Amino acid sequence: MKAPAFSELARRNRALDWLAATGNYLWSGWGSLASLFIFLAIWELTAQSLGSLILPTPREAFATLGQLLQDGSARDDILITARRALLGFGLALILGSLLGLLAGISMTASMMARPLVTLLVGMPPIAWLILALLWFGAGDGTPVFTVFIACFPIIFVGAMQGTRTLDGQLKEVARMFQLPLSMKFTDVYLPHIVSYLFPAWITALGTSWKVVVMAELLSTTDGIGAALAVTRSHLDTAASMAWIVALVGSLLAVEYLLLEPIKRRVESWREFASSNP
Amino acid sequence: MALVGPSGCGKTTLLNLAADLLDPWEGCIDCRFERPAMMFQQPRLLPWKRTRDNIALGLKAAGQPRATRHAAAETLALKMGLTADDLDKYPSALSGGMQSRAALARAFAVQPDLLLLDEAFSALDIGLKSELYQLLASERVASGCAVLMITHDLMEAIRLADRILVMAGSPGRIVAERAIRTPVAERDEDWVFARTAEFIRWPDIRAAFALPERA
């Protein structure tokens, strides 16, 4: 019997592929680290020539951040901000993906949605923030809503484009081989849609982090944004930079430790396709 | 059975009607085949599935468990000249010929009683073509399924078909029919050349393909 030997081989190949992909990913980290250090060097140089009142050196910023983290107050603020950002982002992710899929299925719906989406994308988050302040006051509601409304159109458009660009030829294949509806979705539609959805999710996540801080700066008394407002009023540039580092660092962590590995896993077929032509 | 005719005369439309991919505007289709399968003009493999899963697609749709359908796909793929290594690749890593083999295997995997071929071999080189012809002929004998192939390559039709229908355009209609009695296995190259030359002299075929009248 040859068949078991082949499936054994297949399993081994798959394990090897997975190892290779993981190794590849970790190795590509060196490149990112190198460019990160170049950035820090430029920051250091600029700081030295401008003086620490205008721009503190990276070492000062990191030291202040370390202190803030040791106090324990920073951790709470970061968690509060992360909660608000992720809540708004999560809502936008669920609603945007679902509605975008539905809009993509129907030609009429996508034509009707287009101008609305343009309107939503064009509306600056600060305008939404003002409205949210009027509607929700100074609480969690304002930053969560602002994040949601800023992320929603990005994800909606991604989902809609993904559904609209489905390959009619592959649909015919699905029909020819009598794929049941659930399988049509998981095996034919979803892999294609995900390749549009994922970049949209990542863009929206970045947006959520930026918008939440802006909203907090103007509307709340806790969170990274509020802390930034305090450091600004104290003219404490070192602490401001420390908070900014915390903000960017947490975004990088979520993107590269969570979303990017998932994306690589889901889209491994693209990776392998390009690596052995 | 082969259906030949000029481009745009409605061959693919007819095939899509037979495959139930299109619904007729008027009239009805009397189809007593239970399990049609189709090989399209392009291989149309799902780019995000490995070759093994692509071949087993129809079997998965039929609800076969993973191990069974993979074993069936492997057996068929090896018969079609794919290697075990190819089965683990994604379609974009396969050559055009290998993709066509996989598409043919995918069609045969569901054990169809009617196989529809839509100019499936038109993009391949002559060596690959003749190899796939042999695979097709032997699988057809083994499975006993009916085959309806569309082609504008007359030699391909004469090489493989028992009956040839000639179609002409605007309005799309069948203008000639011809049966070939010689068994497929006995048709060698000289025979195919001779018959094609003979076939192309027919007045209604010349008319269907808009060839100039012979003096």
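In this text the structure is predicted, and so the values were computed from the model without any measurement. To find a chain, count down the sequence lines: A is the first, B the second, and so on, and within it residues start at 1.
Neither the backbone nor the side chain of B/Leu59 has a heavy atom closer than 4.5 Å to any heavy atom of chain A. Proximity to chain A (any heavy atom under 4.5 Å) is shown, for B/Pro112, by neither the backbone nor the side chain.
Residue-environment remark: CD (B/Glu177) exceeds the threshold of 12 foreign heavy atoms within 6.0 Å. The number of heavy atoms from other shown groups lying within 6.0 Å of CZ (A/Phe39) does not exceed 12. Residue B/Arg173 qualifies as enclosed at atom CZ: its count of foreign heavy atoms under 6.0 Å is above 12.
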Side chain to side chain contact (heavy atoms under 4.5 Å, CB included), that's the test. Do A/Phe177 and B/Arg106 meet it? Break it down for me. CA-CA 9 Å; A/Phe177 289 96; B/Arg106 178 177 68 179; 3.6 Å; yes
For a side chain to side chain contact (heavy atoms under 4.5 Å, CB included) check, start with the C-alpha distance between A/Gln169 and B/Phe40, then their side-chain angles and the critical distance, and finish with the verdict. CA-CA 9 Å; A/Gln169 298 196 330; B/Phe40 299 89; over 6 Å; no
I would like to know whether A/Gln178 and B/Val110 meet side chain to side chain contact (heavy atoms under 4.5 Å, CB included); could you show each step before the answer? CA-CA 10 Å; A/Gln178 299 173 0; B/Val110 295; over 6 Å; no
Apply side chain to side chain contact (heavy atoms under 4.5 Å, CB included) to the pair A/Val173 and B/Met38, showing each step before the final yes or no. CA-CA 8 Å; A/Val173 171; B/Met38 172 126 120; over 6 Å; no
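If you tally non-hydrogen atom pairs under 4.5 Å between each of A/Asp187, A/Leu170, A/Leu179 and chain B, the highest count goes to A/Asp187.
Within the 3.5 Å criterion, the main-chain N or O of A/Leu190 finds no donor-acceptor partner in the side chain of B/Trp48.
Here CE of A/Met176 is found 9.5 Å from CG of B/Asn16. Values are rounded to the nearest 0.5 Å.
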